[in-house]
Peer 1: 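The structure is given below, and queries will be raised subsequently.
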Amino acid sequence: MPPRPDPAVIELDGVAVAVVRRKMRRLRLVVLPPDGRVVLSAPKWVARRELIAFATAKADWIRFQQARIRALPRPTPIDYVAGEGHPVWGRTCTLAVADGRGRARVALDGDRLVITVPAAADRATRARALADWYRAEATRAIGPLIAAWEPALGVTVAAWTVRRMTTRWGSCTPRTRRLRFNAELAKRRPELLEYVVVHEMAHLVEPSHNARFKALLTTHMPDWHARHAELAARPITRRLDAG
Ligand SMILES: [Zn+2]
């Protein structure tokens, strides 16, 4: 007898689809970064031949997603050493590391981003200093933007914070009128930060992403679509630099 195929894998003309049985109602197919692994989640009661038919029908989509994912730039490790390029407000600045006593300091000097730390400071210390600096930069820029857009949009923001987030550029809780922004925005062009600020503030008028919300954005920021697309074109920096 030939060996039985692994029930947890469907071989699809060169593509392996891993099958995961879950308590769920419908089939779900995902192609995962960074290597394009394919996972098909399915309820227990769906027969294997149905899974094969489902995956076969999606073969072109799977290949398209795999090609797209494999073309994405892989995150490279960051060492926080002199000469490295680091993005600041949409420009690439060159890192310089200076020897200095006391608390780590970061300063932007033209196109140079200078970290001053004791010579013995490790990578994690330099990483933290830079992360704190991005957060301070974003915070410094967001305050005046909110102040300027409050009268324009006719809203008031109760409180806002800047944090490092891995999945979102910003968020808004309309009930409490609190906003949160991603510190990573200080790496992108200032116009993109402004878009995120306006987007989250517009949620104080309209909580959902419906036609009214989009019309509001268009009224106040006619090029918001282009800014949104530019922001979304590059994902949030992955945390390879968690120290
Ligand atoms: Zn939104």
Side-chain angles (χ1 to χ4, degrees), residues 24-26 28-34 39 41 61 64-65 68-69 71-73 75 86-91 130-242:
M24 58 198 304
R25 260 183 282 178
R26 54 183 78 209
R28 193 167 60 102
L29 188 65
V30 291
V31 182
L32 298 167
V39 179
S41 307
W61 179 84
F64 176 79
Q65 295 301 327
R68 189 184 62 84
I69 284 170
L72 288 176
H86 285 259
V88 177
W89 297 123
R91 296 181 299 143
L130 204 54
D132 288 349
W133 182 79
Y134 277 117
R135 187 170 156 166
E137 275 292 294
T139 304
R140 191 179 56 76
I142 288 167
L145 285 173
I146 289 179
W149 280 97
E150 276 181 328
L153 291 165
V155 297
T156 52
V157 174
W160 55 276
T161 53
V162 178
R163 286 188 300 171
R164 198 142 179 224
M165 299 189 271
T166 50
T167 57
R168 322 173 75 171
W169 291 111
S171 67
C172 172
T173 310
R175 190 178 48 81
T176 56
R177 289 184 290 117
R178 284 173 177 270
L179 311 183
R180 284 159 297 276
F181 298 100
N182 195 331
E184 300 278 300
L185 282 162
K187 296 181 179 178
R188 310 296 298 270
R189 292 198 306 125
E191 290 79 2
L192 307 189
L193 169 70
E194 185 180 34
Y195 161 66
V196 175
V197 169
V198 171
H199 179 116
E200 301 309 335
M201 289 177 75
H203 277 314
L204 298 174
V205 180
E206 172 53 57
S208 71
H209 293 126
N210 59 11
R212 180 178 177 234
F213 179 80
K214 287 172 184 163
L216 186 68
L217 288 186
T218 302
T219 301
H220 293 280
M221 186 176 274
D223 68 340
W224 71 270
H225 253 295
R227 300 194 203 200
H228 178 93
E230 184 180 334
L231 196 58
R234 268 195 293 136
I236 297 170
T237 312
R238 261 186 275 161
R239 302 195 65 172
L240 265 190
D241 51 345

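Ligands are counted one by one from 1 in listed order, and the atoms in each one are counted from 1 as well. Numbers for residues simply follow the sequence, beginning at 1. Model, not experiment: these values are computed from the prediction. Atoms considered below: every heavy atom in the structure, side chains included; atoms not considered: hydrogens, waters and symmetry mates.
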Peer 1: My understanding is that only residues two or more places apart in sequence, or in another chain, count here; which of them pass side-chain contact (heavy atoms from CB on, under 4.5 Å) with Leu231?
Peer 2: Trp169, Leu185, Arg188, Leu192, Tyr195, Val196

Peer 1: I want to check something: taking the side chain as every heavy atom from C-beta on, are Tyr134 and Arg164 in contact at a cut-off of under 4.5 Å?
Peer 2: no

Peer 1: Side chains of Trp61 and Val31, heavy atoms from C-beta outward: is any pair under 4.5 Å?
Peer 2: yes

Peer 1: Please work out whether the ring planes of Phe213 and His203 are parallel, tilted or perpendicular, with thresholds of 30° and 60°.
Peer 2: parallel

Peer 1: Side chains of Asn182 and Arg168, heavy atoms from C-beta outward: is any pair under 4.5 Å?
Peer 2: no

Peer 1: Show all protein N/O/S atoms under 2.8 Å from the Zn ion (ligand 1), or state that there are none.
Peer 2: His199 NE2, His203 NE2, His209 NE2

Peer 1: Has Arg227 got a side-chain atom pairing as donor or acceptor with Glu191's backbone, closer than 3.5 angstrom?
Peer 2: yes

